[in-house]
Amino acid sequence: MSKEIEDHRNFNRSGNEPFSSVLGKHVSRRDMMRGGLGLAAVSVMGFGAASAMAGSDARTGIKGASAPGKKPLTLAFESIRGAKLDGVVVPEGYTAQVLIPWGARLTSDVPEWREDLEMTPEIQANALGMHHDGMYHFPLNKGSESREFLLAINHEYIDQSALWAPQGGPTNADEGQRPADEVRTEINAHGVAVVHVKKQADGRWTHVVDSPYNRRITNASAMELGGPVAGSDYARTKFSPEGLLARGTSNNCGNGYTPWGTYLACEENWPGYFVRNADRQLDDERLGIASGRGRYGWETAAGDAVEQSDEFARFDTTPHAADATGDYRNEARTYGYQVEVDPYDGSRRAVKRTAMGRFRHEGCWLGKLVPGEPVVFYSGHDSRNEYIYKYVSRATWSPADANRPGANIDRLAIGAKYLDEGTLYVARFDADGRGEWLPLTPAARTRDGRLLHEALSLAADDTAGILIHTCDAADLMGATPMDRPEWGAVDPTSGDVYMTLTNNSQRTAEGSEPTYTNGGSDVTETGVGFATAPVNAPNPRAENGAGQVIRWRDGDDVARFDWEVFVFGAAASDADNFSGLTELNQFASPDGLWYDDRGNGDGILWIQTDNGYAGVADDTNDQVLAVVPNGLETGDGAAVVNAGNQQQLKRFAVGPNGSEVTGIFATPDKTALFINIQHPGNWPASEDATHTTEGSVRPRASTVVIQREDGGQIAV
Ligand code: FEO
Ligand code: CA
Ligand code: CA
Ligand code: CA
């Protein structure tokens with residue numbers, strides 16, 4: 001999300017001692033600068049141990065899953081140069097098509113997009129939302145999976161100046177009462193779209209207007225709560241006195257999908273949309289719910305003569321009634337979840353799966369799927385010095401539950417089976433390349449030896465309370481503060497998990513004392529977290545502007561994992577360019593990530609950026625890079641990608657000025673790569689995404705389909 005809007009204040013105020021002091025005994029920053037025999041060697045060895053555990057190549061830590069004797073994939077394109085254009089740049093021999101930009105209509109009873117279209121609540125509820133982010137494809141029929149499918153797509157937030165361009169901008173954006181219809185339109189520009197798309201005979205893609213599958217889920221749509229918070233006192237509102245229903249989903253950022261054919265929309269920067277002016281609670285402080293005015297001032301439309309069912313009033317969570325069933329004091333507690341959508345059945349409400357934790361979920365990534373074993377999902381909390389989580393289902397995976405296109409399946413009932421009962425863990429990364437998943441259960445022991453529920457002043461059976469206070473629970477357990485976890489990606493064969501750590505301006509030098517907001521200084525306090533945290537092993541650079549990608553592999557013991565740094569972002573000229581990047585692959589602030597499985601245990605890791613780091617941004621707009629992890633011999637460099645092998649990390653595409661590139665998948669036949677362009681400044685000017693805008697256009701986020709002119713597979 002854009003710099004202007006993103007809010008990554010330091011919500012973590014825990015007193016966990018980061019292990020920089022431990023790390024300091026093993027490796028100094030100077031060691032790393034000298035050639036990286038410090039942290040890197042330590043962590044690579046740790047990962048090698050994990051590989052040995054998993055029956056793979058212990059020497060390198062590289063997956064041993066490739067078919068014996070088979071050479072790793074090679075990328076058959078040349079890394080492209082950086083670009084700063086109002087157009088998308090792709091390698092020679094490729095095309096890029098604009099598909100379903102913001103405002104493209106889903107039904108023919110609302111007008112087609114035009115440059116001077118005045119957006120209304122009704123049009124926006126029947127058209128693509130703004131600021132496309134995570135997305136995934138869902139096949140309709142066996143055999144046509146790569147030519148026709150349902151595309152589920154997140155609309156993360158809005159660009160008010162583009163939305164209200166014909167009217168000269170939003171009304172009362174910063175003070176005064178917002179008009180009801182503007183607020184409704186903005187609410188409808190958020191959420192999720194399900195769009196029926198298909199490839200035409202000429203090779204170009206289109207969406208099917210009026211398809212019965214087309215659907216918008218907005219930040220006003222009624223949805224259900226599932227899992228421990230559902231029906232608890234924490235979720236009771238005037239709208240749902242039983243605490244079983246919620247309204248709307250917002251700030252859906254990275255996404256997830258399940259093996260049973262549902263989509264997961266993940267709620268990230270939602271706290272800024274709510275205000276609470278009195279009787280503030282622990283979780284309001286910890287998650288950053290403000291007092292005063294919400295991000296777009298939606299609550300100011302409360303009391304408008306046309307308001308229905310407190311549609312605006314609910315964004316002010318200040319208590320004013322006798323109890324929670326008379327106001328919206330708990331409204332924000334119905335946000336911060338993974339939201340499951342059945343893309344095939346528009347009659348079914350989405351379900352917020354509360355067992356997977358409540359925080360700023362960037363996304364949700366399915367772990368290696370094994371019949372008879374629990375289903376695992378990984379997730380990161382994208383704020384400075386926040387944590388990485390893992391959810392492990394109680395039910396074990398039954399292949400009979402796998403998605404079957406066209407079959408009459410109750411996918412949300414299957415979702416309840418796996419996602420409503422399970423254990424949430426948070427990650428502690430140790431300096432020796434190992435790590436531990438710490439359970440967030442009432443009877444877990446905190447780092448100072450107390451029962452977790454007692455440390456949070458909760459009853460022994462109050463799992464819902466632990467989940468509402470996920471971040472406080474994680475503080476108390478001793479989780480490792482990270483450099484803003486964004487997307488994950490999982491190699492489905494080896495189970496290796498990759499995750500981007502995008503940047504962290506509040507990472508301080510080795511040996512510095514952590515600082516806390518809210519006056520906290522000790523883990524015995526709740527409602528406190530890291531304001532700043534000194535460098536630690538997986539986050540080894542102070543004032544980290546360029547970010548890094550880590551990877552880990554879970555052990556046979558559900559609580560153990562081994563990890564290493566995969567690649568460090570940097571400008572080629574940086575002193576701490578630990579991965580030896582050059583002008584052909586320098587990048588910063590990795591964000592989107594996707595493991596593109598190409599069979600035989602091999603695949604491509606795609607990395608997308610959301611960069612504001614001058615050293616790189618001066619040279620290029622945000623970009624898409626590719627690398628084949630199996631092709632990398634890990635040496636004694638500072639990361640898996642190092643000066644000796646960095647040329648295998650190649651720049652594949654560059655986005656338009658002002659945009660970030662986010663959201664990614666390829667069709668199963670690998671002939672079309674779908675990406676999203678979010679918050680472009682002056683694009684697109686035509687259906688050809690590579691066309692450079694002359695003059696100015698009303699900017700629109702859009703999906704872009706990249707294909708090869710010869711129809712072959714992408715990248716290889
Ligand atoms: Fe919405 Fe963390 O990116
Ligand atoms: Ca951005
Ligand atoms: Ca992101
Ligand atoms: Ca980002």
Side-chain angles (χ1 to χ4, degrees), residues 1-12 129-136 153-159 189-192 219 249-256 264-273 287-288 295 335-339 359-365 378-389 482-489 498-506 544-549 569 587-594 606-613 616-617 621-625 655 658-665 675-680 701:
M1 102 180 294
S2 75
K3 301 301 161 294
E4 131 207 13
I5 202 103
E6 69 186 0
D7 182 0
H8 299 288
R9 284 175 290 159
N10 313 300
F11 299 115
N12 184 338
M130 292 193 108
H131 284 11
H132 301 32
D133 206 314
M135 60 180 165
Y136 201 68
I153 183 164
N154 284 347
H155 298 294
E156 190 187 18
Y157 68 109
I158 60 173
D159 172 350
H190 286 72
V192 176
N219 199 16
T249 183
S250 80
N251 299 86
N252 309 100
C253 192
N255 68 291
L264 296 170
C266 313
E267 298 181 326
E268 189 197 17
N269 286 309
W270 55 274
Y273 288 60
L287 286 161
R295 175 168 297 144
Y335 278 76
Y337 300 111
Q338 307 286 23
V339 183
F359 47 93
R360 294 166 183 250
H361 287 280
E362 172 74 20
C364 193
W365 294 281
Y378 302 96
S379 182
H381 182 161
D382 180 9
S383 275
R384 298 181 187 109
N385 300 313
E386 286 288 357
Y387 308 132
I388 291 172
Y389 296 84
M482 308 298 285
D483 287 344
R484 292 186 52 200
E486 296 250 27
W487 287 52
Y498 298 79
M499 191 167 276
T500 52
L501 300 170
T502 197
N503 55 53
N504 186 355
S505 59
Q506 302 301 313
N544 181 12
Q548 65 269 19
V549 180
F587 74 92
S589 299
D591 190 337
L593 202 59
W594 180 53
W606 295 91
I607 302 171
Q608 299 173 308
T609 67
D610 172 18
N611 174 35
Y613 182 67
V616 175
N621 290 340
D622 277 319
Q623 56 185 301
V624 185
L625 302 117
S659 71
E660 71 179 81
V661 191
T662 182
I664 181 167
F665 70 88
I675 61 171
N676 281 322
I677 299 298
Q678 192 190 79
H679 59 79

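Note that ligands are numbered from 1 as they come in the structure, with each ligand's atoms numbered from 1 the same way. For the single chain, residues carry numbers from 1 onward in sequence order.
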Do [X] and [Y] have side-chain heavy atoms sitting under 4.5 Å apart?
X    : Y    : answer
S505 : R384 : yes
Q338 : C266 : yes
R360 : D382 : no

Check your understanding: Can you tell me if D591 has an N, O or S atom under 2.8 Å away from atom 2 (Fe) of ligand 1?
Key -> no

Review point. Between atom 2 (Fe) of ligand 1 and E268, is there an N, O or S atom separated by less than 2.8 Å?
Key: yes

Could you check which N/O/S atom of [X] is closest to atom 2 (Fe) of ligand 1?
X    : result
E362 : OE1
D382 : OD2
E486 : OE1

Practice item. Mind running side chain to side chain contact (heavy atoms under 4.5 Å, CB included) on E267 and N251 for me, showing each step along the way? Key: CA-CA 5 Å; E267 298 181 326; N251 299 86; 5.9 Å; no

Exercise for review: Could you give me the CA-CA distance, side-chain angles and deciding distance for H132 and H155, then say whether side chain to side chain contact (heavy atoms under 4.5 Å, CB included) is met?
Suggested key: CA-CA 5 Å; H132 301 32; H155 298 294; 3.8 Å; yes

Taking 3.0 Å as the cut-off, does an N/O/S atom of [X] lie below it from the Ca ion (ligand 3)?
X    : answer
D591 : yes
E362 : yes
E486 : yes

Review point. Rounded to 10°, how big is the angle at atom 1 (Fe) of ligand 1 from C253 SG to E156 OE2?
Key: 100°

Practice item. Check each of N154, D133, V192, L264 against N255 using the side chain to side chain contact (heavy atoms under 4.5 Å, CB included) test, and report the only one that passes. Key: N154

Practice item. Could you tell me how the ring of Y387 sits relative to the ring of Y389: parallel (under 30°), tilted (30 to 60°) or perpendicular (over 60°)? Key: perpendicular

